[in-house]
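In what follows, a single structure is set out as structure tokens and then discussed.
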2 protein chains.
Amino acid sequence: MLKVERQNAILQEIRTHNKVHSSKLSQLLNVSEDTIRRDLRELAGNGHIKKVHGGAMANPNSPESFRKQKISQQAEREIIAEKAASLFQSGQVILMEGESTNLLLVDYIPDDMTLTIFTNSLRLATKLFNYQNIETVLLGGKISHKYPMTLGIDVINALGEIHADLFFTEIDSIHEDIGITDGDRENAYTKKAMFRSSSQVIAMCLSNEIGTIQPFKVESVSQIHMIITEESPDHHQLNRFSNKGVQIL
Amino acid sequence: MLKVERQNAILQEIRTHNKVHSSKLSQLLNVSEDTIRRDLRELAGNGHIKKVHGGAMANPNSPESFRKQKISQQAEREIIAEKAASLFQSGQVILMEGESTNLLLVDYIPDDMTLTIFTNSLRLATKLFNYQNIETVLLGGKISHKYPMTLGIDVINALGEIHADLFFTEIDSIHEDIGITDGDRENAYTKKAMFRSSSQVIAMCLSNEIGTIQPFKVESVSQIHMIITEESPDHHQLNRFSNKGVQIL
DNA sequence: CTAATAATTGCACTATTTTGCGGGATATCT
DNA sequence: AGATATCCCGCAAAATAGTGCAATTATTAG
């Protein structure tokens with residue numbers, strides 16, 4: 001990897017996360033922390049970023065102002081994304097659904113990790129296009145008018161042809177008795193089909209969504225293998241799920 | 001191998017990957033790294049590329065940058081797009097391939113026109129997401145590492161399930177005897193499959209691409225129903241195609 | 001056609017850049 | 001203050017770049 005390439009990657013990282021840790025970058029880009037620090041010093045010298053203890057932040061006075069990506073509760077989602085990324089292993093086949101946390105998640109994938117990622121999200125697929133070691137497969141189908149993703153019967157058919165090791169789903173509502181629910185009927189159907197196309201299901205959700213219910217049922221809690229929230233695993237709201245045999249991360 | 005030939009190969013490499021390593025190029029082109037470095041220095045001197053330690057990268061501020069070259073031909077593409085848009089009729093099923101002219105083309109679609117558009121282009125699909133009266137269907141499959149689009153066997157399978165009224169294809173090379181050719185093997189296969197999934201095929205190409213040939217055959221001229229260029233239909237270069245029964249717009 | 005001239009290329013050698021590491025300084029947190 | 005993490009400095013190894021030169025090839029002049 002060229003030095004400029006690496007520095008561009010750092011800038012890109014700051015653009016999406018607003019901040020970077022030297023240690024994380026070191027892992028992500030497979031170079032020593034010293035090299036990262038030297039890069040940060042250089043970039044800061046050009047006025048691109050602001051160097052801080054432990055890493056760097058977006059420079060508010062930068063000539064090229066970074067357009068901030070509007071992801072709600074980004075800080076919490078970052079925590080979830082980082083936990084989720086620890087589950088990846090080279091060679092795995094991953095199924096991903098959702099465009100908030102998953103979009104952050106891919107930044108935590110090390111450069112040298114080889115993965116196959118199936119998704120129905122246009123944004124995710126577009127982002128993954130730049131990752132040379134990741135084979136991205138887009139599940140074809142009709143594009144929803146609500147979200148930039150494919151939904152419906154075509155996607156469900158396509159899912160019948162594949163089987164993933166891990167399925168990362170972003171869920172908006174989960175209830176210990178009712179299970180996972182969704183506000184969109186087609187989305188619920190599609191998610192349900194995704195459950196059947198993976199060995200393991202990892203549900204990512206914000207803690208304030210625990211206990212909520214929406215009109216359309218996706219699956220019951222027993223079908224989930226792991227829940228990831230921004231809280232620590234021993235958070236009191238999570239007991240009722242761990243009691244049902246669901247792993248908490 | 002001629003020097004210019006080699007330098008063109010380097011430019012091509014940068015065009016597709018946005019970067020090159022001197023060491024890789026040396027292996028690829030079977031010359032010493034010194035020669036590569038000299039080439040890079042020369043190309044950088046002309047402002048074509050930006051030389052960096054370890055290789056070179058695409059020059060964003062280049063006078064004749066590749067991206068800008070696309071843009072510089074945007075005027076011609078606009079003319080083609082406007083002509084092409086006149087073919088649309090409400091209720092039609094359209095198949096679209098390509099991300100330059102087609103991206104401009106959708107802007108010429110009237111707001112009240114109802115269409116179904118099949119495409120394998122991520123950019124096009126993302127743009128069409130905002131058009132409420134257009135039902136967009138993305139042909140699923142593996143995402144190319146060269147272009148943000150799905151290619152290959154999955155797309156070809158998906159094409160087997162559909163049939164469109166019109167197929168708008170952007171072609172890079174057309175020759176009266178050899179037919180339509182493409183520089184990418186998978187792309188050529190996929191285009192070929194698209195020909196079979198539409199009643200009418202409309203080929204859009206810039207006039208300076210007429211008569212050129214690339215390694216991989218897509219289809220012969222007889223399979224095209226219409227050619228659209230930025231020139232007027234009675235342009236001398238187009239006679240040889242109209243003589244073969246192809247409509248010119 | 002031949003000889004002179006110019007351009008191109010690879011090689012040996014040296015210079016520069018980049019990188020990781022150890023050691024000590026500095027900052028952060030409790 | 002003590003523990004830990006982070007940072008900075010200098011060094012050495014490795015990678016990459018520049019330079020001069022000789023051999024080869026292409027081009028041009030006569």
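Every value quoted in this text rests on a predicted model; they were computed, and no experiment measured them.
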Do A:Arg38 and A:Glu42 meet the salt-bridge criterion of a basic N to acidic O distance under 4.0 Å?
-> no
How many Å lie between CG on A:Asp39 and P on D:dT6, as a whole number?
-> 17 Å
Donor-acceptor pair under 3.5 Å, A:Asp34 side chain vs C:dC21 base = yes
Are OP1 or OP2 of D:dA17 and a side-chain N or O of B:Ser22 less than 4.0 angstrom apart?
-> yes
Only residue of A:Lys83, A:Glu78, A:Lys24 satisfying side chain to side chain donor-acceptor pair (under 3.5 Å) with A:Tyr108 is A:Glu78
Nearest-angstrom distance from the residue atom CG of B:Leu29 to C1' of C:dT9 | 14 Å
Interatomic distance, A:Glu42 CD vs C:dT19 P [rounded to whole Å] = 9 Å
Which residue lies toward the 5' end of DNA chain D, A:Ser23 or B:Glu33, if each is placed at its nearest nucleotide?
-> A:Ser23
Nearest-angstrom distance from the residue atom NE2 of B:His53 to P of D:dA15 | 11 Å
Closest listed nucleotide, where the reference is the side chain of B:Arg6 and the choices are C:dT9, D:dC8, C:dA27 = C:dT9
Please work out which of the three classes, parallel, tilted or perpendicular, describes the rings of A:Phe168 and A:Phe88, given edges at 30° and 60°.
-> tilted
Considering heavy-atom distances to DNA chain C, does B:Val31 or A:Leu2 have its closest nucleotide positioned more toward the 5' end?
-> B:Val31
Among C:dA12, D:dG20, C:dT19, the one nearest any side-chain atom of B:Arg38 is D:dG20
5' priority, DNA chain D, between A:Gly54 and B:Arg37 [closest heavy atom] | A:Gly54
Distance check: side-chain N/O of B:Thr35 vs OP1/OP2 of C:dG10, anything under 4.0 Å?
-> yes
Does B:Glu230 come within less than 4.0 Å of B:Arg77, counting only side-chain N to carboxylate O?
-> no
To the nearest angstrom, the CG-P distance between B:Leu25 and C:dT9 comes to 14 Å
B:Leu40 CG to C:dT8 C1', straight-line distance once rounded to whole Å | 16 Å
Grab the NZ-P distance between B:Lys51 and D:dT16 for me, whole Å please.
-> 12 Å
Option from B:Asp184, B:Asp182, B:Asp172 for which salt bridge (charged side-chain N to carboxylate O under 4.0 Å, His left out) with B:Lys191 holds | B:Asp182
In whole angstroms, the gap separating P of C:dC11 from CD1 of B:Ile36 amounts to 14 Å
Less than 3.5 Å between a donor and an acceptor, one on the side chain of B:Arg41 and one on the base of D:dG18, is that the case here?
-> no
Side chain of A:Ser32 (C-beta onward), nearest among D:dG18, D:dT6, C:dG20 = C:dG20
